[in-house]
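The sequence lines fix the lettering, A, B, ..., with proteins before strands; numbering per chain opens at 1.
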Amino acid sequence: MNFIEEGVVKARDRGQDIILRYPPEPNGYLHIGHAKAFSITNSMRNQYHGRANLRFDDTNPAKESMHYVENIKRDLNWLGIKYDRVVFASDYYEQLYTCAVHLIKQGLAYVDDSTMDEIKALRGELGVPGKPSPYRDRSVAENLDLFARMRAGEFPDGSRVLRAKIDMASPNMNLRDPVLYRINRQTHYRTGNQWCIYPMYDFAHSLSDYLEHISNSLCSLEFEDHRPLYNWCIANCQGALPNLPKFPPEQYEFSRLNIEQFVMSKRWLKKFVDEGLVDGWDDPRMPTVAGMRRRGYPATAIMDFVQSTGITKNVMTVPLSALEFYVRTELDKVATRVSVVENPLKVKIVNYPADKTETFTVDNNPHDPAAGTHAMTFSNEIYLDGDDFSDNPPPKYKRLTVGGVVQLRGAYKIKCLRKVGDTLECEITDDKAKGVVQYVDARTGVKAEIRSFAPLLKAGTALTEDNINRDSLYRSTAYVEKWLAEQNNPSTKYQFMRKGYYVLDAKDSLVFNKTISLREGF
RNA sequence: AGGGGUAUCGCCAAGCGGUAAGGCAAAUGGCUCUGACCCAUUCAUCGUAGGUUCGAAUCCUGCUACCCCUGCCA
């Protein structure tokens, strides 16, 4: 049992209902890091028969929109993350305002007329205590009046803020009179122009949890320093509103998921999108849930993966191979197999009649007979993939060499007699084959475009056109079975024989997105 | 007067005083009309220095390293 679960058990044993929450801000798409965080909450909800609210933390109208709300819901549903209610921080603006007034009346909050720079200057630095604002000791009456007028729109944006009166000398910067409300005339995607003051995260989040009777508030490590403020807001707003729960919510923090070569910062992902370096939030190179979906990663694979990573406070960076393991395992169960050659190498079968063709039947998925079969054409002219032949084979090479024998998948064994120019001359044989190789009939195979995806750059790398690998979303020509061309089901997963996994791009019926390779360099 | 966290195999991670689980990766071998899958085997004395104890990854002390915090973002 990990510390998160212990917290849930503790709440349960003290008689609380287990109520959790997923708190995305609708300012972008969900990425796999969110999937990990939310899966922890999801599994606690399921395991302890609790409830979970999907709460959009929408307190910064400049960045948020309904478009994001909808896509976050869609991704959550696709992943199978369950929630019982959909709520919005913006539903609580009135109650939050009441709580702020409650703090002012207790002398625990004040209106500050300082500029942003003045506030910053007085806040002090790490290891250096801050100094009180000249406005810190205003009377309750004056604060009440000023705050009401802030709400009424009497003051320009940024001219005043409401601050908590805590401790300007606290070693915890979050406690040096944090801003609770700012004036910001932005049209909110839900409340429109009804408000010109908006609550800050710490104030809104803690009290939203409290209002919703949240038992355990699970979040990531960077909020550890915020916990004292979280608790301060709740403790000082007891009695501010009716029907507040007996037990306050408790915040628990765990470490975030990092994956090698993945940028997991929403700010950067947004930058990629805004600057057109990627197609959009669902670009297959993006570590977003939508991008991975388009890339052909099954939802179950993503969930299995995030659950396989630990729930600890350790800084973690998981290798991409760990994610791929789950994708591969899942796709291996469900993927339809099909033959593809990416770099066609022409083969002539010298002892096969030029005017003859045959049709062979091949399983769509050897692990699943119910997946059916498909037909493959064979004639005296076929293509092999360039990687399946070597003039200079390394030790233990199992594919074709001059003089060697391989099994053509579903068809004959062939022996390579010689290489003439760019063409291999082979004959059908009964000799023992070294390995199995895929092929495509040269006359009926069809060309298709293949896209290869480059992983995103490593976190912390400077953003340039070069290192985002825009051009590595390259296209090459491949020959696939004609059968595949006849399929027009964008939702189907395909496994190209021994070349890796691919998924049909819904945008273009003959563009294939290479997702992962079964083996590096193969 | 800085504070808050974290340190167990290349990467995740169990372990909570009784003699280091498991997964990924890697390697070797077997099987195979996917070099896949599957099967078998191999792979750590626990950041460091001391201390307590019959016995410590687990307790104590001192070091060291790394992460987070100085938005009117969340």
Quiz item: Nearest nucleotide by nearest heavy atom, which residue falls closer to the 5' end of RNA chain B, A/Y326 or A/L126?
Solution: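 That would be A/L126.
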
Quiz item: Relative to the 5' end of RNA chain B, which residue comes earlier, A/P199 or A/P171, by the nucleotide with the nearest heavy atom?
Solution: A/P171

So what does [X] hit on the nucleic acid, given a heavy-atom distance under 4.0 Å: a base, only sugar-phosphate, or nothing?
{"X": "A/A411", "answer": "base"}
{"X": "A/K396", "answer": "base"}
{"X": "A/G310", "answer": "sugar-phosphate"}
{"X": "A/S114", "answer": "base"}
{"X": "A/Q407", "answer": "base"}
{"X": "A/V179", "answer": "sugar-phosphate"}
{"X": "A/Y397", "answer": "base"}
{"X": "A/P366", "answer": "base"}

Practice problem: Please work out which residues in residues 221-235 of chain A have a non-hydrogen atom less than 4.0 Å from an atom of RNA chain B and list them by number. | Solution: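 Of all residues in residues 221-235 of chain A, the ones placing a heavy atom under 4.0 Å from RNA chain B are A/E222, A/F223, A/E224, A/D225, A/H226.
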
Within 45° cone and under 6.0 Å: [X] NZ/CZ vs [Y] ring:
{"X": "A/R138", "Y": "A/Y110", "result": "no"}
{"X": "A/R399", "Y": "A/F389", "result": "no"}
{"X": "A/R151", "Y": "A/Y97", "result": "yes"}

Whole-Å distance between [N] [atom2] and [X] [atom1]?
{"X": "A/N258", "N": "B/U6", "atom1": "CG", "atom2": "P", "value": "17 Å"}
{"X": "A/I311", "N": "B/A14", "atom1": "CD1", "atom2": "P", "value": "9 Å"}
{"X": "A/Y201", "N": "B/C69", "atom1": "OH", "atom2": "C1'", "value": "14 Å"}
{"X": "A/N172", "N": "B/A1", "atom1": "CG", "atom2": "C1'", "value": "13 Å"}

Quiz item: Which nucleotide, in any strand shown, forms a Watson-Crick or G-U wobble pair with B/A13, with both distances under 3.5 Å?
Solution: none

Quiz item: If we call it a pair only when both distances are under 3.5 Å in a Watson-Crick or G-U wobble match, what pairs with B/C38?
Solution: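 By the stated definition (distances under 3.5 Å), B/G30 pairs with B/C38.
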
What's the gap between [N] and [M] when it is taken at their [atom1] atoms, as a whole Å value?
{"N": "B/A20", "M": "B/C46", "atom1": "P", "answer": "12 Å"}
{"N": "B/U42", "M": "B/G3", "atom1": "P", "answer": "49 Å"}
{"N": "B/C31", "M": "B/A36", "atom1": "C1'", "answer": "13 Å"}
{"N": "B/U53", "M": "B/G17", "atom1": "C1'", "answer": "9 Å"}

Quiz item: Are the side chain of A/E64 and the backbone N or O of A/N60 linked by a donor-acceptor pair below 3.5 Å?
Solution: yes

Quiz item: Would a distance-only check, ignoring hydrogens and angles, find a side-chain to backbone donor-acceptor pair under 3.5 Å from A/E212 to A/D209?
Solution: no

Quiz prompt | Presence of donor-acceptor pair under 3.5 Å, side chain of A/K398 and base of B/U32 | solution =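 Result: at least one qualifying N/O pair found.
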
Quiz item: Going by modelled atom types, is there a donor-acceptor pair between the base of B/U34 and the side chain of A/R337 at under 3.5 Å?
Solution: yes

Please list each protein N or O that sits under 3.5 Å from an N or O in nucleotides 8-11 of chain B, with the distance.
unit_1	atom_1	unit_2	atom_2	d
B/C11	O3'	A/T317	O	3.3
B/C11	O2'	A/T317	O	3.0

Exercise. Check the pair A/H34, A/K266 against side chain to side chain contact (heavy atoms under 4.5 Å, CB included), reporting the backbone distance first and the verdict last.
Key: CA-CA 10 Å; A/H34 294 107; A/K266 226 190 231 179; 3.7 Å; yes

Exercise. Quick one: sort the A/H67 and A/Y29 rings into parallel, tilted or perpendicular, breaks at 30° and 60°.
Key: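 Taking A/Y29 first and then A/H67, their aromatic rings sit tilted (interplane angle of 30° to 60°).
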
Quiz prompt | Between CD on residue A/E125 and NZ on residue A/K120, distance to nearest 0.5 Å | solution = 9.5 Å

Self-check item: From CG (A/N71) to OG1 (A/T288), nearest 0.5 Å
Solution: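 Here the interatomic distance stands at 10.0 Å.
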
Self-check item: B/G71, syn or anti by chi within 90 degrees of zero
Solution: syn

Quiz item: Quick one: which of B/A1, B/C37, B/G35 gets closest to the side chain of A/H367?
Solution: B/C37

Quiz item: What's the verdict on side chain to side chain contact (heavy atoms under 4.5 Å, CB included) for A/D332 and A/R337, showing C-alpha distance, side-chain angles and the deciding distance?
Solution: CA-CA 9 Å; A/D332 188 49; A/R337 271 63 164 176; 2.6 Å; yes

Exercise. Take A/K63 and A/Y68 through the side chain to side chain contact (heavy atoms under 4.5 Å, CB included) test and state the conclusion after the steps.
Key: CA-CA 10 Å; A/K63 296 180 176 175; A/Y68 293 131; over 6 Å; no

